[in-house]
Amino acid sequence: MTNFTPADLISAYKVPDHPLFLVGTYDDGVTVLSQQTRAFNLVYALIESGVIPSTPAGGETTPGSGKKIAVIGGGFTGLSVAAALISKGVHAEIVLFEQRDTLLPLQQGSDTRWLHPHIYNWPAEGSEISAANLPILNWTAARASDVVVQVMGEWATVVGGNPRCRLKLFCNTRHLQIHEAKDENRLTIEWIGEQRDNITGNSRVDALSGAAGQRCDFDIVILAMGFGIEADSRLSYWRNDIVGQPNLEQPRLTFLLSGQGDGAMIDLLRLRISHFRQDRILSELFDDSGALIEKIREIKTVHEDKGEKETFQKFEELEVSLPTQFNEVKKRLTARLRRDTDVILRLKVKKLSDLFDGDIRISFQNRILVYFLYKCGGFIPSTLPETILAKQHSIPSDRIIKRHGTNRDVQLKNVLSNGLFSVLESRSREKFRQTDRQRWTGGYFGFTGPANAAQGAGDGVRDTWRKEYLPGATALVAATFCSAVAAFLKTLHPENVRLRVTFHRAVSFGAEEVLQQCCKYFGINASSSTGSSAGRTFPAENATIGLAYRCQKMIQSKRNADPKELELAMQALNLSQAARKMSQQVKFVAAIPVIAANEAPGRNPVIGLLYFDSEADDFYLDDQALTVVLEMTQSFAANLERDAMADIERIANREVARTGCKWRTAQELPQNVEGVLEVVDKVALPQTTKAFQFNLEYSDFIPVAQNL
């Protein structure tokens, strides 16, 4: 399905005939980011379909329209559901339940597990980006415990900064039971739990007692409680361990690892590869292997999109088609094998190739790493019983690691009534499959109310709305460049008359390519009273910047343009769809695109746009001044392309996955604006020699030297 309506989305979450919704319960390849995306998709669908009421800031609330919503689970998924509801200013009281003593309990203090938002999609475009690129509860790759700190900081911003927030949080929740209510449109929950501080999850100072038994009816119940803890594992996946560290007691230890999912594969790689980290090892093994990576990317596409069942054989063929690069990867990996461990990998499947070709839930990234580890003789697969293997290899119980997954049905059965669970069981699991691709529109969680209510938002809201994640390094470099351009233009501009300069980058959020403002405005009287505009997103066809993006040309207003005609032109270009109305005093606007000379087919070649406007009478760039601005922009783009930030540690320009765009070929200037706007054809636009994105980000990425 290519076009998801809100109703389509809801159908994959909703238990038939009941106001009960499940988030990601029966999906494969579950990651923190994919579950957050599913949570945001659900909230988007519930609001856009009118199931949950939400109005713009200052809008009137229909009497009796408020809802009572229960969110079960205080992990990443549950927090994402609650944060999305709060950010959209829904007319509802939200009650968040967590079984354990704190929010995000599994990952708190987990220092041996590394979380990366996109690396499981390797080698797909954008898989090495360290930021989740989420509009709320965003985070960057780090130890699980550090990601908790990041997300809890974002949670505090959402909860503490929203005056419409009506939230109750209960932790240490016991005896949580969900069953049918007398009103068939509602569900009843009874529980024993401790009400906690909404922001921190800590005990409230004003709390009069500990846990108390309660019962309440809810209009909507959202199950976001994850999958539970592994039933037969001595040590949960998220608990700290020492298997990734060198042995200090004996020179060589043998481990028995039982399991054939992602958890088992990660532990296998940790046990056998020194200095292992999911993102870092890929860079270290496949650096300078462009042709090999491209072949692997093709295999991944066929494997995932077409259900290829001979992935193992495709991997084998790489050694024949690209022997030099294939053997170089083997050489690098062999040099990194730990000499203090051996691993027996117990599998249910008879052939190792079945691990790669079947429907077993292993990410493609782990498949390729385990395949190369196998080619290096890095482990011994076996199907013998655990007791026999442990006896044969003298493996004590503390070196037996079981990763057999969780029993999600037990979790559900424990909290749902028999009637609700039977309804759930009667529905095909396939019908609960939920996409982990973004379905909300750009900037959706930057304003309250449904998408169509955005048209009526006031200028005060439009100054700072539609924001999406903007890397700090990108904002810093853009600000430096724009302040330099503004300093030059100020020498040509009257004092005390408003002049504004900023830069927008072309970037994709979900299925939409937008133009994102990379820094605040610089110039004269350029600041906004309502806050920074950095991070705002604009539809890629709107206003002056959208016109330059579509035409792939420099666009500016004509000399001595009538401000009223200019205002009418902005209306024709749909400026106010995503921005406040242009000041009636603006007399000059210009947008200069930076063009990628060799952009990939099917994509708009515009990398970004320098924008400036002025309220000064008769302000216009003559040829000499325009040449200076163009040279500054060309130098800015060329230095980014040469990776001028390479000498600054842990800053890199990484590619975000870009979607296709409506405006792939250059358009003509629309007739309804050509009376006041013009294309500047006489100049050579700033260009780069290859396609790249302006996406400088900080990453905790220190390569491990191959000779270690």
Side-chain angles (χ1 to χ4, degrees), residues 31-40 76 79-80 83-84 87 104 107 113-155 157-158 277-280 282-283 365 436-438 440 442-446 466-479 504-514 516-519 532 534-537 608 640 643 645 648-659 692-702:
T31 66
V32 171
L33 177 58
S34 68
Q35 289 292 74
Q36 287 184 282
T37 303
R38 293 182 179 104
F40 296 154
F76 287 110
L79 288 189
S80 296
S87 295
L104 302 175
Q107 292 78 23
R113 296 295 178 180
W114 186 262
L115 286 177
H116 191 290
H118 306 285
I119 202 65
Y120 280 113
N121 289 326
W122 188 90
E125 184 182 52
S127 59
E128 295 182 355
I129 294 293
S130 64
N133 279 346
L134 292 172
I136 48 178
L137 301 198
N138 189 53
W139 54 280
T140 58
R143 295 178 301 175
S145 58
D146 292 331
V147 172
V148 167
V149 174
Q150 294 179 55
V151 171
M152 288 302 296
E154 294 264 316
W155 170 257
T157 299
V158 171
R277 204 174 82 183
Q278 290 105 309
D279 56 344
R280 189 166 56 199
L282 291 164
S283 175
Q365 171 235 20
D436 61 357
R437 295 187 178 184
Q438 174 184 323
W440 65 90
Y444 184 77
F445 291 100
R466 286 181 58 97
K467 286 191 174 183
E468 295 282 359
Y469 173 70
L470 174 68
T474 299
L476 177 61
V477 172
H504 296 81
R505 64 173 182 157
V507 64
S508 295
F509 291 102
E512 182 182 16
E513 181 153 288
V514 297
Q516 184 180 37
Q517 189 169 340
C518 295
C519 61
S532 175
R536 289 193 305 172
T537 59
L640 285 177
D643 203 9
M645 308 294 290
I648 302 177
E649 290 187 359
R650 306 187 193 181
I651 298 291
N653 198 27
R654 300 181 185 275
E655 291 284 313
V656 177
R658 291 183 66 181
T659 59
F692 77 97
Q693 286 184 319
F694 181 33
N695 191 60
L696 291 167
E697 64 172 10
Y698 172 85
S699 176
D700 183 14
F701 189 95
I702 305 174

Mind checking whether [X] and [Y] have side chains closer than 4.5 Å, heavy atoms only?
{"X": "Leu79", "Y": "Glu154", "answer": "no"}
{"X": "Phe76", "Y": "Leu104", "answer": "yes"}
{"X": "Thr37", "Y": "Trp440", "answer": "yes"}
{"X": "Asp279", "Y": "His118", "answer": "no"}
{"X": "Val507", "Y": "Thr537", "answer": "no"}

Inset, instruction - Check each of Ile651, Leu696, Asn695 against Pro471 using the side-chain contact (heavy atoms from CB on, under 4.5 Å) test, and report the only one that passes. - result: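 Exactly one option meets the side-chain contact (heavy atoms from CB on, under 4.5 Å) with Pro471, and it is Asn695.
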With sequence neighbours left out, what residues match [X] under side-chain hydrogen bond (donor to acceptor under 3.5 Å, both in side chains)?
{"X": "Asp436", "value": "none"}
{"X": "Tyr120", "value": "none"}
{"X": "Ser130", "value": "Glu697"}
{"X": "Trp139", "value": "Gln36"}

Measure from the side-chain N and O atoms of [X] to the backbone N and O of [Y], and report whether any donor-acceptor pair falls under 3.5 Å.
{"X": "Gln516", "Y": "Gly535", "answer": "yes"}
{"X": "Gln438", "Y": "Phe509", "answer": "yes"}
{"X": "Glu655", "Y": "Gln693", "answer": "yes"}

Legend entry - Nearest-0.5 Å distance, CD of residue Glu128 to CG of residue Asn121: 11.5 Å
Legend entry - Phe40 and Phe445 aromatic ring geometry - parallel, tilted or perpendicular at 30°/60° bounds: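 Tilted, since the angle between the ring planes falls between 30° and 60°.
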Inset, instruction - Could you list the residues that satisfy salt bridge (charged side-chain N to carboxylate O under 4.0 Å, His left out) with Arg113, not counting sequence neighbours? - result: Asp241, Asp267
Legend entry - Residues forming a salt bridge (charged side-chain N to carboxylate O under 4.0 Å, His left out) with Glu125, sequence neighbours excluded: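 So Glu125 forms a salt bridge (charged side-chain N to carboxylate O under 4.0 Å, His left out) with Arg603.
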Legend entry - Donor on one side chain, acceptor on other, Gln150 and Thr140, under 3.5 Å: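 Yes, a side-chain donor-acceptor pair sits under 3.5 Å.
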Legend entry - Closest non-hydrogen atom pair, Leu470 against Ala534: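 Of all heavy-atom pairs spanning Leu470 and Ala534, the closest is CD2-CB, 4.2 Å.
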Inset, instruction - Please report the shortest heavy-atom distance between Ser80 and Ala39, naming the atom on each side. - result: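 That closest heavy-atom pairing would be CB-CB, 3.7 Å.
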